[in-house]
2 protein chains.
Amino acid sequence: MQRMTKQRAAIAELLESTHDFKSAQQLHDLLRERGEAAGLATVYRTLQNLAEAGELDALRTEEGEMLYRMCERAEHHHHLVCRSCGKTVEIDGPTVEDWAQRVGGSFGFSEIEHTIELFGTCAQCAGMRV
Amino acid sequence: MQRMTKQRAAIAELLESTHDFKSAQQLHDLLRERGEAAGLATVYRTLQNLAEAGELDALRTEEGEMLYRMCERAEHHHHLVCRSCGKTVEIDGPTVEDWAQRVGGSFGFSEIEHTIELFGTCAQCAGMRV
DNA sequence: ATGCGTGCAAACGATTTGCAGCCGG
DNA sequence: CCGGCTGCAAATCGTTTGCACGCAT
């Protein structure tokens, strides 16, 4: 059902190589630099497809921009993302999971879900910034 | 410093009366219905001002739209929102704050910020659902 | 009187979509 | 060969901004 085109392959490969959160626009630029340019619209469409297929993690930045990255694990987890370069660390926090569950329960809420993402500046980017 | 205009008053009053999360556009429509119409740009600007002044809580939906609601407390906190009726409880969690800071730091990240929202079904809605 | 606040429309940035031609299966 | 995929440009959508005028202080 999913046709394998050169642009889809290029995008998947690019994400595979970094494993960091990147925006559609960044990926578009990176592809162009690599000489494997693809239309911006195609990048967007491909990212959506892959995300729907569960092959990519997606999240929205504070500024409202969507970021995608190659999944490393399917289980529930959160992310610590560098707001400058997109470098990502997957973290699981039994502590917060419990906290969320406990707090929700204490207010009589059930079927509790949570959205938790951490943003920061990684050591490398902090150093470069001067 | 903040000048009190009729549109600012109308917006504040509207938010005060619902205490629910609303988008700028929703507020704009509600104001028009009330016959207290204000320019859409003004609504946006006012919401930003109020949010910066710490008088409004702001969050971004999954779809990327900003929502605002009247604060009940000024300090940093998170929300527990009933996904059925929208009822919101403000929660603070020194535990998670620390956790976020600690986890971020342990990976060498600095200037750590976090996005944490809890969604659940409140006791009342859970009871009604049967 | 001053100059912030407002309204309107144009500008914006991210994302989507219409459509004709391309190409993978 | 056929229909999904692509590229491009135009279209959306939410939000922001430039500018001239109005009104709160």
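Below, chains carry the letters A, B, ... as their sequence lines are ordered, and counting in each starts from 1. These numbers come from a predicted model, not from an experiment.
- In this structure, A:E65 atom CD and D:dT15 atom P are separated by 16 Å, rounded to whole Å.
- Axis deviation across the helix from C:dA1-D:dT25 to C:dG25-D:dC1 amounts to 30°, comparing end segments of five pairs, rounded to 10 degrees.
- No more than 12 heavy-atom neighbours from other residues, nucleotides or ligands sit within 6.0 angstrom of CD on B:E62.
- Not counting sequence neighbours, B:T5 has no partner by the side chain to side chain donor-acceptor pair (under 3.5 Å) test.
- Checked for salt-bridge contact, A:R83 and A:E63 miss the test: no charged N lies under 4.0 Å from a carboxylate O.
- The side chain of B:Q7 approaches C:dG7 more closely than any other nucleotide in the set D:dC5, C:dG7, C:dT15.
- Rounded to a whole Å, the CZ atom of B:R32 is 10 Å from the P atom of C:dC8.
- In this structure the side chain of A:Q25 reaches within 4.5 angstrom of the side chain of A:Y44, judged on heavy atoms.
- Checked against C:dT6, D:dT6, C:dT15, the side chain of A:T46 finds its nearest nucleotide in D:dT6.
- Checking C:dT6, D:dC5, D:dG7 against every side-chain atom of A:R8, the shortest atom distance belongs to D:dC5.
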Open item on the list: Each nucleotide in nucleotides 18-25 of chain D should get exactly one letter: B, S or -. Can you fill that in based on protein heavy atoms under 4.0 Å?
Closed with: B----BBS

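- Atom CD in B:E52 sits about 10 Å away from atom P in D:dT16, given to the nearest Å.
- The interatomic distance linking A:L40 (CG) with D:dA9 (P) rounds to 12 Å, in whole Å.
- In terms of phosphate contacts, B:T42 brings a side-chain nitrogen or oxygen within less than 4.0 Å of OP1 or OP2 of C:dG7.
- In this structure a side-chain-to-backbone donor-acceptor pair under 3.5 Å is present from A:R69 to A:H19.
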TODO: Mind running side chain to side chain contact (heavy atoms under 4.5 Å, CB included) on A:D57 and A:F21 for me, showing each step along the way?
DONE: CA-CA 8 Å; A:D57 277 343; A:F21 274 105; 4.0 Å; yes

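- In terms of phosphate contacts, A:Y44 brings no side-chain nitrogen or oxygen within less than 4.0 Å of OP1 or OP2 of C:dT16.
- One atom, CD of B:Q26, and another, P of D:dC13, lie 16 Å apart when rounded to the nearest Å.
- If you measure from atom NE2 of A:H28 to atom P of C:dG13, you get 16 Å, rounded to the nearest angstrom.
- Put simply, CD on B:Q48 is 8 Å from P on D:dT17, counting in whole angstrom units.
- A donor-acceptor contact shorter than 3.5 Å links the side chain of B:T61 to the backbone of B:E65.
- With hydrogens and angles left out, the side-chain atoms of A:H114 and A:E97 include a donor and acceptor closer than 3.5 Å.
- One interatomic measurement links the two molecules: NZ of B:K22 to P of D:dT15, which rounds to 15 Å at whole-angstrom precision.
- In this structure, the side chain of A:H78 engages the main chain of A:I116 through a donor-acceptor pair within 3.5 Å.
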